[in-house]
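Every chain is numbered from 1, with letters handed out A, B, ... down the list of sequences. Given the structure is predicted, the values throughout are model-derived calculations rather than measurements.
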Number of protein chains: 2
Amino acid sequence: MNTSLSIRHLRAFTEVACCGSFTQAASRLHLTQSSLTATVKQLEQSVGLTLFDRTTRRVLLTAQGEQFRPVAEKLISDFDTAIGDLQAIAGQQQGQVGIAASPSTISRLLPPVIDDYRQQFPEIAISLRDDSAGQIEQRVLDNDVDFGIGANHSANPELYYQPVLTDRYGVVVPEGHRFEGFESVQWQALIEEELLFLSADTGIRAQLNQFRQAGQLQLSDQKAILEVSNPAGIAALIRQRIGISVLPALASSTESFKALHFIPLVEPQMRREICLVSRKGRSLSPAASTLLSFVRQHFLTMRLPAYLESTAQPQHSNQDL
Amino acid sequence: MNTSLSIRHLRAFTEVACCGSFTQAASRLHLTQSSLTATVKQLEQSVGLTLFDRTTRRVLLTAQGEQFRPVAEKLISDFDTAIGDLQAIAGQQQGQVGIAASPSTISRLLPPVIDDYRQQFPEIAISLRDDSAGQIEQRVLDNDVDFGIGANHSANPELYYQPVLTDRYGVVVPEGHRFEGFESVQWQALIEEELLFLSADTGIRAQLNQFRQAGQLQLSDQKAILEVSNPAGIAALIRQRIGISVLPALASSTESFKALHFIPLVEPQMRREICLVSRKGRSLSPAASTLLSFVRQHFLTMRLPAYLESTAQPQHSNQDL
DNA sequence: TTCATTTATCGTATTTAACAATTAATTAAT
DNA sequence: ATTAATTAATTGTTAAATACGATAAATGAA
C-alpha cells in the first residue's frame, strides 16, 4: 500500500525536480544528500516507477516524473494551504463568531465590546442575532451561534451559564404617573394597575409567572392579559397610557424608553442574572473564546446602565468548561 | 512549521471523524487507540486548534473540525489517486508509448507485434510515426518517442542501438527487365543502369554513398541524380521504366512494389542492421519497455519477409542499458 | 452505586528517518 | 591518459518518530 508514502516524499521529489540535483535540493530542504536520496528512492519503489534518470553529473525527470511533477506540486500546495488556513483560524487571523443576545444587550451593552474586539481582530467576522431568552438557548444548543448572552432561562443541563451581570426589575411608567419620583415601588402597589406583559417565552415574563405562582405577588388575574412580544412595543403602549409594565432595568434602558421612568421594585427586590451561555462539553473556537473574554472583561469594567451591576467572577480560562 | 504534519495525520483525523470513536477508528486503521489518540493530538497541537470535543462517551467534531473535514478528505483522496495513477502506469494499466520507424517497418513488421501487445495491454495508447532514418534518431533524442526502430544511421553516442534484424540490399526492377529471373546481381552490373535514389537523409542513400566513396562501387557520376523522398515514389517510377533502384529488401516488400522484382546484390553482399534505438541514460517507461521486448521477441520468431534475418541477440532486461 | 466502555497517559519497544563517512561514477582539465 | 572535482549511491550508526501494552480517569447506563 501507499500508506507509507507521505507529503515528505512529494516534497523531496519536487525539490529534486526543481533543482536538478540531489545535493542542492538536500541543502534547501535542510537534509543530507543521503537522506534525500533514500526518500526519493522510497517513493520510486513504492510506486514502482523510476522518476529520475540520474548520473553523477545530471538528474533528469523521466517522462513519468515530468508528468507527475505538477500533480505533486499541487498536492503539496493544497496541503500547505489547508493547514495554513487552520492555523490562521487558530491564530485568529480569520474566522467568524456568532452571538445570540437580547436586543437591549446588543444595543446597550455590546457596542463598546465589539468596537474594542474589532480593532484587535479586524479579520474576524462577527454576527449578532437578537433573540428572546428561549431562542438564545436554542441557538446555542443548535450551534447556530458560538455563545449566547442572556438569562438562565431554562437551566438546561446541556448548557453552561456563566453569570456576568445582575439586572434588576422595576416598573416602567409614563410621565405624570403616580409613581413618578418614587425611590422605589413595592410589588403590592401594582395591584389595580393595568400591567403589560412580554410574551410568554421571554425571560422576563417567565420570571413574573414564577413569582406569582410562589404567591409572592398578588396580581389580579381577572383582567385579560395584554402581552407584547418585544420591549419597544411595550414602551409605545406605556407612552399611550394603556398601562405600565414590569421590566428589567436593561430592557428599559433603550432609546424606546426615553421619556418613560424606571422605578425599582422592592419587597422583594427582584433580580435576574445575565449569563454567558455556552454549550457544555463543546469547546469554543479561538475567536469565540477571545470575544467571550472581551465581553466578560468589559462587563466587569464598563460604565453600566442604571441598576445593573457586574457580577464579580473569578477570571479563568474557558478551556476548562 | 507544518513540516512534521503528514497525510498520516489527515487519515487519522478523517477516520475518527467518520467513526465518531477513537477505538473504532484505530481498529479500522490497524492501530492501537493510544497511537491514534497521539496522532490526532499531534495534529491539533500543530495547527493550534481543537478538532474534536471528546468525552469518554462521545467524540464530536468542533465547528473548525467540521469545516476541515471535507478539505482533509479531498486532500487524502487527491493524494491517493495521484499515487494510484503512478502505480497504474507502473503496472501498465495505463500510459502511452510512441515509436518512430520507417514506413516499411510499420506496415510490414509491426502489425502483428502491435496486435499482440494491444491484446495484453489494451489500456496503453500507442503512437507510430513513420520517419526516415535520420528523423528516427532525432525523435528519440528529442524524447518525441520512447524508442525508434531503424538503421544505425549516425552512430550517435547519445543513442543506444540494439540490432534486431539484418536487412539486405538488392536491385528492384520492373517486369521484363534484363535482370528478371537472376538469382543475384553484382554491383558492377549496375553500371549503365539508370538508378533512382532515395533522398539524402535516408539510411539507404547514405549507405550507397558510403560504398561509392570507398571505391567499391563504380557508378557513373555523370548522370543527373534522380532522387525521390520515399520508396513508394520510387516504385512508381520503376514501374514507369524510368530506371531501377537499389533498396533494402524490407523497403521493397511493401504493397507498392507488388509487380516489381527484388534481386539481391552480391560482391559484396550489402547488409544493414535494423536496430532498436533508444536514448542512453534515459530509462524507458514500463509500457515502452514491455513493448520493446515484444518487438524484439516477435522479430526473433516471426515469419519475416524474404531476405530479412533476425539478428540473434541475448535477451536481457532493458533496465541495464 | 457499580459496571462497562472509552479516551488519556505513561513507559517501553520498534520502526523510520537523518546523519557522517565512504565508494563509485562521471565530467572537465591538465 | 591521468588527475581533480563533483555528485549520487551505499553503509553503519544515531536520533527521532511512531506504535504498543497496561493503566488511570471519566462517563453514561443498569
request  = Go through DNA chain D in 5' to 3' direction and return only the first and the last nucleotide with some atom under 4.0 Å of chain B's heavy atoms.
outcome  = D:dT18 to D:dG28

[X]: what forms a side chain to side chain contact (heavy atoms under 4.5 Å, CB included) with it, not counting sequence neighbours?
{"X": "B:Ala82", "answer": "A:Phe68, A:Val71, A:Leu75"}
{"X": "B:Ala88", "answer": "B:Gln93, B:Gln94"}
{"X": "A:Ser127", "answer": "A:Arg129"}
{"X": "B:Ala17", "answer": "B:Phe52, B:Leu61, B:Arg69"}

request  = To the nearest Å, give me how far apart CG (A:Leu29) and P (C:dA17) are.
outcome  = 15 Å

message = Please check: side-chain N/O of B:Gln120 versus main-chain N/O of B:Tyr117, any donor-acceptor pairing under 3.5 Å?
response = no

For [X], side chain to side chain donor-acceptor pair (under 3.5 Å) partners two or more places apart:
{"X": "A:Thr32", "answer": "A:Ser34"}
{"X": "B:Asn156", "answer": "none"}
{"X": "B:Asp78", "answer": "B:Lys74"}

ask   = With pairs taken as Watson-Crick or G-U wobble and both distances under 3.5 angstrom, which stems of at least three consecutive pairs involve DNA chain D?
value = C:1-30 with D:1-30

Give every donor-acceptor pair under 3.5 Å between a side-chain atom in residues 22-31 of chain A and any protein atom, sequence neighbours left out.
{"from": "A:Arg28", "atom 1": "NE", "to": "A:Glu15", "atom 2": "OE2", "distance (Å)": "3.0"}
{"from": "A:Arg28", "atom 1": "NH2", "to": "A:Glu15", "atom 2": "OE2", "distance (Å)": "3.3"}

key: For B:Asp85, all residues meeting salt bridge (Lys or Arg N to Asp or Glu O under 4.0 Å), sequence neighbours excluded   = none

Listed pairs, N/O of protein and of nucleotides 6-13 of chain C, under 3.5 Å:
{"from": "C:dT6", "atom 1": "O4'", "to": "B:Thr56", "atom 2": "O", "distance (Å)": "2.8"}
{"from": "C:dT7", "atom 1": "OP1", "to": "B:Phe22", "atom 2": "N", "distance (Å)": "2.7"}
{"from": "C:dT7", "atom 1": "OP2", "to": "B:Thr23", "atom 2": "N", "distance (Å)": "3.0"}
{"from": "C:dT7", "atom 1": "OP2", "to": "B:Thr23", "atom 2": "OG1", "distance (Å)": "2.2"}
{"from": "C:dA8", "atom 1": "OP1", "to": "B:Arg54", "atom 2": "NE", "distance (Å)": "2.5"}
{"from": "C:dA8", "atom 1": "N7", "to": "B:Gln33", "atom 2": "NE2", "distance (Å)": "2.8"}
{"from": "C:dA8", "atom 1": "N6", "to": "B:Gln33", "atom 2": "OE1", "distance (Å)": "3.2"}
{"from": "C:dT9", "atom 1": "OP2", "to": "B:Lys41", "atom 2": "NZ", "distance (Å)": "2.2"}

